[in-house]
Amino acid sequence: LTIPAGARIHIHGNTSAGKSSLVRALAALWPWGRGIISIPPAARLMVVPQKPYLPTGTLRHALLYPDPAIEVTDPDVARALADTGLAHLAPRLDQVDRWDQVLGNGERQRLCLARVLIHRPDIVVLDDALAALDEVAQEELERTIAARLPAATLVSLSQRPRAAEASTVRYEFVRGSDWASLVPVAPAASKPLVPTP
C-alpha cells in the first residue's frame with residue numbers, strides 16, 4: 001500500500017479486526033510482526049486516538065500538548081477552536097480545570113482536532129477519533145483538516161464505512177483466522193441519468 005502525500009484514506013473494519021494494531025505499527029509502537037512501514041524521515045506524524053489524553057492544567061496547555069513550547073498566537077488558537085466547533089471555549093484558554101472531566105466526549109474529540117490544526121503535522125492518523133460525533137460532523141471536520149492542512153496526509157480508521165466523497169481512497173480491513181488484509185473498496189457506481197419526458 002502506497003499512500004501519496006496529501007491523500008485522504010479511510011479504512012474501516014469490524015471490532016478486533018486489527019485497526020488499532022495498524023495504528024500502533026504506523027506510530028512505531030508495535031514491534032511485533034513482519035513487514036516494512038516506510039515514512040519519510042522528516043515527516044511529523046500525529047495520532048489522534050478515540051479516547052484523547054487531556055492533561056490537567058489550562059485549556060491552552062491541553063491544546064498545545066504534547067509540545068507546550070510550540071510557537072502559536074492566540075488568534076491562531078482561537079481559529080483552531082472555531083474551525084472545530086469550539087469557539088465558545090476561546091475565552092477560557094488560561095483557565096485551569098480538569099478538562100478531561102469538564103468536556104463531553106464529542107468536545108474532547110473536537111479539541112484534539114484543534115490540536116492537530118495547531119501542530120500542523122504532515123501525517124494525521126485518526127484512530128476512531130471522531131466516534132462520538134455524528135457522520136455529518138465527522139465529514140465536516142475531516143474536510144476542515146483537508147482545507148487547513150492541504151499538504152497533510154489524512155488516514156482515518158473507524159468501524160463504519162465512509163461515503164465516497166469523504167475520502168479519496170477507501171479500504172476495508174478484512175481479518176481471517178491468522179491474517180488480516182486491506183481490501184480496496186470500489187467507489188459506488190454512479191446512478192444513470194434518466195431524461196424527463
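Side chains are part of it too, since the values below use all heavy atoms of this structure and drop only hydrogens, waters and symmetry mates.
Once rounded to the nearest 0.5 Å, the distance linking CE of Met46 with NE2 of His119 reads 4.5 Å. Rounded to the nearest 0.5 Å, atoms CZ (Arg108) and OH (Tyr53) are 13.5 Å apart. Separating the CG atom in Asp100 from the OG1 atom in Thr56 is a distance of 6.0 Å, to the nearest 0.5 Å. Atom CD of Glu135 and atom OG of Ser158 lie 8.5 Å apart (nearest 0.5 Å).
Apart from Leu89 itself, the hydrophobic cluster it occupies contains Leu54, Leu59, Leu63, Leu64, Ile70, Val72, Val77, Leu81, Leu86, Leu93, Trp99, Val102, Leu103, Leu111, Ile118, where clustering links Ile, Leu, Val, Met, Phe, Trp and Tyr at side-chain heavy-atom distances under 4.5 Å.
Considering all non-hydrogen atoms of both residues, Val136 and Asp134 come closest at N-OD1, 3.1 Å. Between Gln109 and Gln50, the closest heavy-atom pair is NE2-O, 3.1 Å. Closest approach of Leu113 and Ile145 over heavy atoms only: CD2-CD1, 3.7 Å. Arg115 approaches Ala62 most closely through the heavy-atom pair NH2-O, 2.7 Å. The nearest pair of heavy atoms linking Thr2 to Pro4 is O-CD, 3.5 Å. Smallest separation of non-hydrogen atoms from Leu117 and Arg120: O-CG, 3.3 Å.
Remark: Gln101 CD is packed, more than 12 non-hydrogen atoms of other residues, nucleotides or ligands lying under 6.0 Å away.
Using a 4.5 Å heavy-atom threshold, the side chains of Val47 and Leu26 count as separate. Counting heavy atoms from C-beta outward, Arg60 and Pro68 have side chains that stay 4.5 Å or more apart.
Hydrophobic clustering of Ile, Leu, Val, Met, Phe, Trp and Tyr side chains at less than 4.5 Å, counting indirect connections, keeps Val48 apart from Tyr65. Trp30 and Ile37 sit in two unconnected hydrophobic clusters of ILVMFWY residues. Membership requires side-chain heavy atoms under 4.5 Å apart, directly or through other members.
For the side-chain hydrogen bond (donor to acceptor under 3.5 Å, both in side chains) with Ser156, the lone residue among Gln138, Arg170, His12, His10 that qualifies is His10.
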Could you list the donor-acceptor pairs under 3.5 angstrom formed by side chains in residues 121-133, with sequence neighbours left out?
residue	atom	partner	partner atom	Å
Asp122	OD2	Arg44	N	2.7
Asp127	OD2	Ser20	OG	3.4

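With hydrogens and angles disregarded, a donor-acceptor distance shorter than 3.5 Å links the side chain of Arg110 to the backbone of Thr84. Checked by atom type and distance alone, the side chain of Thr58 never pairs as donor or acceptor with a backbone atom of Val96 at under 3.5 Å.
For Tyr171, the ring pair (Phe, Tyr, Trp, His ring centres under 6.0 Å) criterion is met by no residue, not counting sequence neighbours.
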